[in-house]
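Note that the structure is predicted; figures quoted are calculated from it, not measured. In what follows, chains are A, B, ... by sequence order, proteins preceding strands, each numbered from 1.
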Amino acid sequence: MALLTSAPRGTQDVLPADSYKWQYVEKVASEEAKIFGYRELRTPTFEHTELFHRAVGDTTDVVQKEMYTFKDKGDRSITLKPEGTAGAVRSLVENGLLNDTLPVKVFYITPCFRYEKPQAGRLREFHQFGVEAFGSANPVIDAETIQVAHSILTRLGIRNLSLEINSIGCPTCRAKYHQALYDYFAQRKDQLCDTCKGRLQKNPMRILDCKNETCKEIAAAAPKVLDYICDDCRAHFEGVKKALDAAGIAYAVNPTIVRGLDYYTRTVFEFLSNDIGSQSAVCAGGRYDGLVEEMGGKPLPALGFGMGLERLILVMERNGCEFEQPAPCDIYIGSMGEKASSEAFRLVSRLRRDFGIYAECDLMGRSVKAQMKYANKIGARFSAILGENELEQQKLVVKNMASGESRELDMGEGFLEKLADHMAYEQLYNACEDVEKLFHSQQ
RNA sequence: GUGGGUAUGGCGUAGUUGGUUAACGCGUCAGUUUGUGGCACUGAAGACCGUGGGUUCGAAUCCCACUAUCCACCCCA
């Protein structure tokens, strides 16, 4: 069997065996964002290319070598979004939402595309959950934004992430720092590794993060950001730390954190994991006080974060976190013979329509035994077989698959109500027995 | 973009001095007497051993290329 073709490189199918994990994570993240006052924003999967050139930055790796850019049939340059913030800001400015009461808080779940070489936790199409908050320069909102991420991660049962924060200052003080760094490293350029020689021009802060031993030694004595940021930025950063302390969120200041997207200012942060290989950032974000104006809006401070859902789920799997399971089949109604089988079909249809019960019947023309095996396989909580006898006597034997016990129900008036009640009662009874067993086992 | 590892039925694997019908577990399907699951047993279907070349009388097994995948660098969520 030769496949016609396969999924494109760096893409992933989420199969039924895993999709429930995604549903769970998306649900938790959305619910958590909502109780922080965020509302969902959905923006297009592709945008005009210039949006990302402007927002993310012409000189960034993301824009320079990783974007999926193409001309559409109208000769417009289109780009599949490589991140979520630019589109969100564009949309809010374009629709005038930032003229409303502040702060404006939105969240989104979106696919993102970057043409990279795939590896653990890095795909060409990946998914981000993100939040963005507009209108406040108060350091408390920095802490609150971090708290949103923290709450989501905590509620998902992820405990062993580290939070690292830093301030990269405003454009003015960052420029000073960059110059100082450049001067420092330029004097020692010969000793730097090849990649760092390149970074010297492009982004000297990256050198601070190099894994090469010599570079590390040189970096150790390099100028520190926090010595170069202006008084306002320093005060803001102190405010963020104070608010995080007040919120009881543990963090470490890491002066080497650099964001690869140009729009960031002041606060930047990352939640890191040691369990998923070298692509360790599960969630990252920060402030971008200049971006709204850059997009043609009025000057408005803002901040947000993105969370990589593939990485998040990877972390959860590696840590044995539990995902909310999908509900199993409530009842399987098997049948034998044509007449009974159309009656079974009618019954499950009504159970679904009138009672919202998850019901199945035979669609394969299988033997009774095989039908029972199927009921067991799909984890049906109850089963029943409809045949000539049942139709004649108007009785249905309903079996509780967990206990193996059966109960005969009269198929006359109010049968479906009785059936639904019976199932609810039995399930409650099963649950009580489980609790009892648990109780005894713990004594 | 740069390196290294891997590539056998749906899944996980076995299979080296290259030699008849490629093995095992799980899964799937059917059956173990007449209308009822989970266990066990029996049987069946299902792989041209990633693709294309080459070496050889003969290759899943050796060589080359390509593709995919994994890991790391880079970058980042």
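Nucleotides B:U20 and B:C39 place their P atoms 38 Å apart, quoted to the nearest Å. For B:U61 and B:G54, the C1' atoms lie 16 Å apart once the distance is rounded to whole Å. Comparing B:C64 with B:C48, their P atoms sit 25 Å apart, to the nearest whole Å. The C1' atoms of B:A23 and B:G31 are separated by 25 Å, rounded to the nearest whole Å. B:G19 and B:G15 are spaced 14 Å apart, taking the C1' atom of each and rounding to whole Å. For the P atom pair drawn from B:C70 and B:C11, the interatomic distance equals 15 Å after rounding to whole Å. Spacing of P atoms, B:C66 relative to B:G1, comes out at 13 Å, to the nearest Å. Rounded to a whole angstrom, the distance from the C1' atom of B:U2 to that of B:G46 is 41 Å.
Distance check: A:Tyr263 OH to A:Leu291 CG gives 7.5 Å after rounding to the nearest 0.5 Å. Here SG of A:Cys283 is found 5.5 Å from CZ of A:Phe269. Values are rounded to the nearest 0.5 Å. Between the OH atom of A:Tyr38 and the OG atom of A:Ser30 there is a distance of 13.5 Å, given to the nearest 0.5 Å.
Nucleotide B:G3 holds its P atom 14 Å from the CG atom of A:Asp194, rounded to whole Å. The separation between A:Lys65 atom NZ and B:C75 atom C1' is 7 Å, rounded to whole Å. Distance A:Leu261 CG to B:C75 P: 13 Å, rounded to the nearest Å. The distance between atom CD of A:Glu116 and atom C1' of B:A77, rounded to the nearest whole Å, is 10 Å.
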Checking side chain to side chain donor-acceptor pair (under 3.5 Å) for the pair A:Asn400/A:Glu426: CA distance, chi angles, key distance, verdict?
-> CA-CA 8 Å; A:Asn400 181 328; A:Glu426 289 273 309; 2.9 Å; yes
Does the pair A:Leu163 and A:His150 meet the rule for a side-chain contact (heavy atoms from CB on, under 4.5 Å), with working shown?
-> CA-CA 9 Å; A:Leu163 167 62; A:His150 183 81; 5.8 Å; no
Step by step, would you call A:Asp362 with A:Ser335 a side chain to side chain donor-acceptor pair (under 3.5 Å)?
-> CA-CA 7 Å; A:Asp362 177 49; A:Ser335 58; 5.1 Å; no
Just do the side-chain contact (heavy atoms from CB on, under 4.5 Å) check on A:Tyr251 and A:Lys241 with the steps written out, would you?
-> CA-CA 9 Å; A:Tyr251 60 88; A:Lys241 290 196 284 187; 3.2 Å; yes
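Taking every side-chain heavy atom of A:Ile385 into account, B:U36 is the closest of B:C74, B:U36, B:A77. Looking at the side chain of A:Met372, the nearest of the listed nucleotides B:A77, B:G35, B:G37 is B:G37.
A:Glu66 comes within 4.0 angstrom of sugar-phosphate atoms only, judged by non-hydrogen atoms across all strands, and of no base. Heavy atoms of A:Leu309 sit nowhere under 4.0 angstrom from any nucleic acid atom. Residue contacts shown for A:Arg114 include a base, since a base heavy atom lies under 4.0 Å away.
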Side-chain donor/acceptor pairs under 3.5 Å, residues 311-325 of chain A, sequence neighbours excluded:
| from | atom 1 | to | atom 2 | distance (Å) |
| --- | --- | --- | --- | --- |
| A:Arg311 | NE | A:Gly121 | O | 2.7 |
| A:Arg311 | NH1 | A:Ala281 | O | 2.8 |
| A:Arg311 | NH2 | A:Gly121 | O | 3.2 |
| A:Arg311 | NH2 | A:Gln279 | OE1 | 3.3 |
| A:Glu317 | OE2 | A:Lys21 | NZ | 2.8 |
| A:Arg318 | NH1 | A:Asp275 | O | 2.7 |
| A:Asn319 | OD1 | A:Asn160 | ND2 | 2.9 |
| A:Asn319 | ND2 | A:Asp275 | OD2 | 3.1 |
| A:Asn319 | ND2 | A:Val315 | O | 2.7 |
| A:Glu324 | OE1 | A:Lys27 | NZ | 3.3 |
| A:Glu324 | OE2 | A:Lys27 | NZ | 3.0 |

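Every residue meeting the side-chain hydrogen bond (donor to acceptor under 3.5 Å, both in side chains) condition with A:Glu94, not counting sequence neighbours, appears here in chain and number order: A:Arg90. Remark: A:Thr43 engages A:Lys81 in a side-chain hydrogen bond (donor to acceptor under 3.5 Å, both in side chains) (not counting sequence neighbours). In this structure, the side-chain contact (heavy atoms from CB on, under 4.5 Å) partners of A:Gln427, at least two apart in sequence or on a different chain, are A:Asp330, A:Arg381, A:Phe382, A:Met423. Listed by chain and residue number, A:Thr79 satisfy the side-chain hydrogen bond (donor to acceptor under 3.5 Å, both in side chains) test with A:Thr69 (two or more places apart in sequence, or in another chain). Residues passing the side-chain hydrogen bond (donor to acceptor under 3.5 Å, both in side chains) test with A:Tyr332, sequence neighbours excluded: A:Gln371. Residues that satisfy the ring pair (Phe, Tyr, Trp, His ring centres under 6.0 Å) test with A:Tyr264, not counting sequence neighbours, are absent from this structure.
With a cut-off of 3.5 Å on both Watson-Crick or G-U wobble distances, the partner of B:A47 is given as none. Remark: B:A59 base-pairs with no nucleotide; criterion is Watson-Crick or G-U wobble with both hydrogen-bond distances under 3.5 Å. The partner of B:A72 is B:U2, by the rule that a Watson-Crick or G-U pair needs both atom distances under 3.5 Å. Pair assignment for B:C24: B:G12, on the basis of Watson-Crick or G-U wobble contacts that are both within less than 3.5 Å. As the counterpart of B:A7, B:U67 is assigned, both hydrogen-bonding distances of the Watson-Crick or G-U wobble pattern falling under 3.5 Å. Of the nucleotides present, B:A40 is the one that pairs with B:U32 by Watson-Crick or G-U wobble criteria, both distances under 3.5 Å.
A donor and an acceptor atom sit less than 3.5 Å apart, one in the side chain of A:Asn376 and one in the base of B:G37.
Comparing A:Lys369 and A:His127 against RNA chain B, the residue whose closest nucleotide sits nearer the 5' end is A:Lys369.
Tested against A:Tyr374, the residues A:Arg366, A:Glu360, A:Lys369 include a single side chain to side chain donor-acceptor pair (under 3.5 Å) partner, A:Glu360.
The stretch residues 148-167 of chain A does not touch RNA chain B, since none of its heavy atoms comes less than 4.0 Å from the strand. Against RNA chain B, the stretch residues 22-41 of chain A makes no heavy-atom approach under 4.0 Å. Taken residue by residue, residues 386-404 of chain A places heavy atoms nearer than 4.0 Å to RNA chain B at A:Asn389, A:Glu390, A:Lys399, A:Met401, A:Ala402, A:Gly404.
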Sugar-phosphate or base contact per nucleotide [nucleotides 66-73 of chain B; S, B, -; heavy atom under 4.0 Å] | --SB-SBB
Any chance you could list the contact pattern along nucleotides 25-30 of chain B? Use B for base contacts, S for sugar-phosphate-only contacts and - for none, protein heavy atoms under 4.0 Å, 5' to 3'.
-> ---SSS
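Under the 3.5 Å distance criterion, the side-chain polar atoms of A:Ser280 are left unmatched by any main-chain donor or acceptor of A:Asn274. A:Thr265 places a side-chain N or O within 3.5 Å of a backbone atom of A:Asp289 that can act as its donor or acceptor partner.
In the model, A:Tyr108 has a side-chain atom that pairs as donor or acceptor with a side-chain atom of A:Glu132 under 3.5 Å.
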